[in-house]
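Scope of the values below: all heavy atoms of this structure, side chains included, with no hydrogens, waters or symmetry mates. Whatever order the structure lists ligands and atoms in, that order sets their numbers, starting from 1.
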Amino acid sequence: MALEEYRNRIDEIDKKIAQLFQERMDTVTKVGQYKKENNIPILNRKREEEVLEKNAKRLREDLQEEGREFFENLMAVSRAYQQKIIFNEGKSSKNTMVSVGYPGVKGSFGYQAMVEYFKLDEGSKNYTEFEDIFIGMKKEEIEYGILPIENSSTGAINKVYDLLRKYGFSIVGEQCIKIDQNILGIPGTTLLDIKEVYSHPQGFEQSSRFVSGYSDWRLIPYHNTAMSAKYVMELNDKSKAAIASREAAKIYGLQIIKEGINDNRNNTTRFIVIGKSLEVQEESDKISVVFTLKHEAGNLYNSLRFFAENFINLLKIESRPMEESNWEYFFYIDFEGNLRSEAVKNALKKLEEDSSYFRILGCYKKMSMEI
Ligand SMILES: O=C(O)C(=O)C[C@]1(C(=O)O)C=C[C@@H](O)C=C1
């Protein structure tokens, strides 16, 4: 077949796709209208996953990856259209606009987590410190915030646990991000040129094995890994380097001097999405609570017993010191379940009775990440 004939064939196919696209967008508009009337958010991650699964299976095996990408983009276009046509009329309908605060700058892991979770970066705002996100929520600058809570190599991010309790916002979702740490420098830098390295303390800690091999390097803690990459780009000096992601190298025009320096190949950070209030949905399958117990023998054992008796699977326990009383703690517990389930209601009722302080932090969809 000649090129001309192939192009004619493509034109025919595109004609059909264009008709179907228009039909789909008209239907998407109706869904958008329904969502607006019923105060339902545009993004429905569960539905999108179903659409992707269903349609990938309809395709030949060698086309499934591309098919997923096609439908992912198609739904991103649908969402943007719903936003434009329905939610943006009369622009200031603040409660329907998703605006999210993330830590760091573009290219930070917080930024990546935000894009993954909300599937967009419009209406987002960056903040330097974790606490600034909580303050931004309080001042109603943003509706949601996304913050790292735990890393698979270095453990809990204590500051975020403390802020969660201090500000009283709720966890409404979570997102895991695979973390890669790299040595970045201006083009032409070699490992031997480097004298000073900038990164977030987490960046140093996650790459401690590699970094310990260069005892002459001065390690300078910085607000955020991507911000250190930006700073190194601005310094434009071969003796300065940053530890940050590949994404940050791309955004700030830096060269990757040494790739994948994180000690743990499966280095993953779990982020939580915080909102003003609880958002319990049918598919929510994880709950977080914080409580304190009277300082008496057997109290923690007794409270955890309520979970075992109700066959509830505990996922994580973390303790944080109470500033006002030495050697007493706030316990943060994550467990499987939905707040509407009887077993969960039973366990929480008993736990609340036994606690001197008790708060449900959130009930949201658990993100499992195979490694
Ligand atoms: O089914 C919906 O809830 C829609 O709004 C439609 C649609 C789609 O394009 O298929 C768009 C956005 C949602 O995140 C999920 C799916």
**Message:** Suppose I only count heavy atoms of L43 and a 4.0 Å limit; which atoms of ligand 1 are within that range?
**Reply:** 14 (O)
**Message:** Before you tell me yes or no, could you show the steps for Q202 and N151 under side-chain contact (heavy atoms from CB on, under 4.5 Å), namely the whole-Å CA-CA distance, both residues' side-chain angles and the distance that decides it to 0.1 Å?
**Reply:** CA-CA 9 Å; Q202 283 280 325; N151 174 268; 4.0 Å; yes
**Asked** ligand 1 versus R24, non-hydrogen atoms closer than 4.0 Å: side chain, backbone, both, neither?
**Response** side chain
**Request:** May I ask you to check whether over 12 heavy atoms, not counting those of R9, lie within 6.0 Å of atom CZ?
**Result:** no
**Item:** contact_flag V31 ligand 1 heavy-atom lt 4.0 Å
**Value:** yes
**Complete:** atom 6 (C) of ligand 1 has as its nearest protein heavy atom Q82 NE2, 4.3 Å
**Side-chain (E174) to main-chain (V273) donor-acceptor, under 3.5 angstrom** = no
**Message:** Counting non-hydrogen protein atoms only, what is the nearest one to atom 15 (C) of ligand 1? Give residue, atom name and distance.
**Reply:** E48 CG, 3.6 Å
**Request:** Mind telling me whether F331 and Y329 have parallel, tilted or perpendicular rings, with 30° and 60° as the class edges?
**Result:** tilted
**Message:** Under a 3.5 Å distance rule, please check whether S108 uses its side chain to pair with a backbone N or O of P103 as donor and acceptor.
**Reply:** yes
**Request:** Looking only at protein heavy atoms, identify the closest one to atom 11 (C) of ligand 1 and say how far it is in Å.
**Result:** S78 CB, 4.1 Å
**Request:** For atom 1 (O) of ligand 1, grab the closest protein heavy atom and report residue, atom and distance to one decimal in Å.
**Result:** R47 CG, 3.6 Å
**Asked** Is a salt bridge present between E318 and K316, judged by a nitrogen-to-oxygen distance below 4.0 Å?
**Response** yes
**Request:** Of all the heavy-atom pairs spanning R340 and Q281, show the shortest one and how long it is.
**Result:** NH1-C, 3.9 Å
**Item:** Close-contact set for ligand 1 against I42 heavy atoms, below 4.0 Å
**Value:** 12 (C), 13 (C), 14 (O)
**Asked** So, K139 and D132, do they make that salt bridge, N to O below 4.0 Å?
**Response** no
**Message:** Just to confirm my output: which protein heavy-atom neighbour is closest to atom 3 (O) of ligand 1, and how far is it?
**Reply:** K35 NZ, 2.6 Å
**ligand 1 atoms in contact with M75 (distance to a heavy atom under 4.0 Å)** = 8 (C), 9 (O), 10 (O)
**Message:** Closer than 4.0 Å and a protein heavy atom, does any atom meet both conditions relative to atom 8 (C) of ligand 1?
**Reply:** yes
